[in-house]
Amino acid sequence: MKNHKLLKSLILILCSVVFIQCTSDPIAGPAGADGINGADGTNGINGVDGATGTATCVACHSESHRDPVNSSYLVSNHSIDKLAFGPGTLSDYINHDVKETESNEYYNPDCNRCHSSQGFIDNLNGTFVAGVAYDKVDGVSCNTCHDKHGTFDFETDGHDFALRTLSPVTLAFDETIVLDYGTSNTCINCHQPKDGAPINDGTDTYEITSPYFGPHYGAQSTMLEGIQGAEIAGSMSYENAGTAKHRTNASCTSCHMGSANDNDGEHTMKPTLNSCTTCHSGATSFDVNGTKTTLTGLLSELQELLVTKGILTPNAYGGVDVVQGTHPFKLVQAYWNWKFIKSDGSHGIHNPVYTKALLTNSIESLK
Ligand code: HEC
Ligand code: HEC
Ligand code: HEC
Ligand code: HEC
Ligand code: HEC
Ligand code: HEC
């Protein structure tokens, strides 16, 4: 009760103060006209898509997305482990019960590094032991190249496609050469040459001691990089390593795994015209501006010169074989360039400028 009374008297005092103030103010006039509307505010910045939202995951992990990936991979030669070669199949000397087939003349466990799943994975992990056979090896499958995501923050870190490796690749034949091709590093772990361009020991001659003399395996990576050709001086100069337009603007995966045109692209890993037209609008074949025709012509011209000079000899199958023994160094260099461009297999498309320079200068040096 007491408190209530106190409160009442406080309110009264407060009211009288307010009253006094009101009465001392001048009396307000009539309301003015409405002001004009202000300009619209600028739109706010759009919110960032939820990078880890399940929609992003499902877009790639749904059955409907996986079906074409699986079916296109079946078309790829990577998925077929029976490659016809010599009297047997590739499987005979690198696959299945390899220990039992050691009598096979083609058997060599070192091939597993690039021709089997176990060898590829062990090599990435640094646990591949040369010369030692596996009890059993499998062909290349999804889990050979893919493992698990290193990040789920694709927005910030870029997409890793759950690839087993994104690391730069140190070439096995020369550990001073390190190539970094992003997601294509998966490819160049295998698509790298076995040997580099010949080196002059000062005698201006060179001895060829093997019928397989050449880059041997996948020369595509060194070709794209513009290195390991035998750079004979001539009327064309050589671009700096790593500066080719297809190296800086495209990649193994962008040209070979683009959207399908016709049983190509995606996981067939065969080059697709759809990739070319993103840059060469209007291209109707890989022979953009007739460049493939020009370079194939130069390659044939070089081959004929190499036969004339006696470093190549026609064989019984309509092809040509290298002539082993000691040859002038320049001739061996020209031979190397012919072999390098043939091994690359792209008819110059990987690096048109480097290919043209190697061919032109080699032909000049032999004429
Ligand atoms: C651009 C395609 C793509 C996107 C987007 C994607 N993934 Fe994957 N993910 C893959 C591939 C490729 C693999 C490996 C091959 C396979 O397992 O099918 C994989 C594998 C996985 C695996 C199996 C790894 C293991 O250890 O077994 C999990 C789990 C996974 N992803 C979760 C996710 C989640 C969660 C998201 C969303 C945040 C996501 N993925 C988004 C492509 C993708
Ligand atoms: C550094 C990785 C690597 C190693 C090691 C390797 N290969 Fe290969 N091999 C490749 C690549 C890449 C290709 C495909 C090259 C191409 O198409 O230009 C290939 C292609 C082949 C082909 C041709 C297949 C065809 O259908 O045209 C044969 C045969 C072959 N290799 C046998 C061997 C043998 C035998 C060994 C062991 C002595 C071996 N390879 C070691 C990477 C390798
Ligand atoms: C020889 C290596 C290799 C094999 C084998 C392989 N992939 Fe891939 N895959 C890649 C690479 C490299 C990329 C990244 C492509 C890029 O950079 O755009 C990729 C991307 C993907 C993607 C995301 C792009 C897309 O097309 O949706 C999926 C999903 C995928 N792979 C699933 C699979 C599945 C399933 C298999 C087995 C059927 C498989 N991969 C086999 C190398 C491989
Ligand atoms: C595990 C080693 C390995 C990896 C990884 C690999 N390749 Fe190959 N690739 C080979 C071998 C070996 C051959 C030849 C034998 C064969 O066809 O299986 C080959 C053949 C090819 C061919 C010609 C045969 C065909 O199917 O048309 C192309 C093109 C090719 N690879 C592109 C790629 C691209 C692009 C990548 C990366 C996305 C890649 N490869 C990753 C080992 C590999
Ligand atoms: C500019 C696009 C482009 C880039 C980048 C590219 N390729 Fe190619 N590649 C092609 C084309 C086009 C062909 C086929 C040319 C032809 O048919 O004459 C080809 C041919 C090949 C072949 C021979 C195929 C066969 O059937 O013999 C292999 C193997 C190959 N590429 C692997 C690779 C690898 C590995 C990389 C990355 C180091 C790469 N390519 C980068 C477009 C490209
Ligand atoms: C990311 C862009 C890009 C892609 C994809 C691409 N190229 Fe190119 N290409 C170039 C550039 C840039 C040049 C250099 C053009 C110049 O110097 O005039 C070039 C040059 C060429 C040349 C020699 C120069 C000429 O115009 O005659 C050929 C041939 C060629 N590309 C073919 C192809 C083929 C085939 C494909 C698809 C397998 C392809 N390119 C994919 C960008 C690309």
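It should be emphasised that the depicted structure is a prediction, and the values quoted were computed from it without experimental measurement. Just follow the structure's listing: the first ligand is 1, and inside any ligand the first atom is 1.
- For atom 29 (C) of ligand 4, the nearest non-hydrogen atom from the set Gln192, Met269, His267 belongs to Met269.
- Within 4.0 Å of atom 26 (O) of ligand 5, not a single protein heavy atom is present.
- Interface of His115 with ligand 4, defined as ligand atoms under 4.0 Å from a residue heavy atom, comprises 12 (C).
- Counting Ile, Leu, Val, Met, Phe, Trp and Tyr side chains that sit under 4.5 Å apart, directly or through other members, Tyr181 shares a hydrophobic cluster with Val169, Leu171, Phe173, Ile177, Leu179, Ile188, Leu224, Ile227.
- Around atom 8 (Fe) of ligand 5, the protein contributes the following N, O or S atoms under 2.8 Å, ordered by chain and number: His256 NE2, His350 NE2.
- Applying the 4.0 Å criterion to heavy atoms of Cys190 picks out, from ligand 4, the atoms 1 (C), 2 (C), 3 (C), 4 (C), 5 (C), 42 (C), 43 (C).
- When the options Gly348, Ala283, Ser254, Cys276 are ranked by their closest heavy atom to atom 37 (C) of ligand 6, first place goes to Cys276.
- Contact between Asn189 and ligand 4 is absent, with no heavy atom of the residue lying under 4.0 Å from the ligand.
- Here atom 24 (C) of ligand 4 lies nearest to Asn77 when heavy atoms of Asn112, Val75, Asn77 are compared.
- Close N/O approach between Tyr181 and ligand 5 is not found [any backbone or side-chain N/O within under 3.5 Å].
- Closer than 4.0 Å to atom 15 (C) of ligand 6 lies none of the heavy atoms of the protein.
- Look at His78 and atom 8 (Fe) of ligand 4: an N/O/S atom of the residue is under 2.8 Å from the metal.
- Heavy atoms of Val288 found under 4.0 angstrom from ligand 6 belong to the backbone as well as the side chain.
- Centred on atom 8 (Fe) of ligand 6, the NE2 atom of His246 and the NE2 atom of His280 lie at an angle of 180°, reported to 10°.
- Taking CG of Asn351 as the start and CD1 of Ile341 as the end, the distance is 10.0 Å to the nearest 0.5 Å.
- Among protein heavy atoms, atom 1 (C) of ligand 6 sits closest to Cys279 SG, 2.7 Å.
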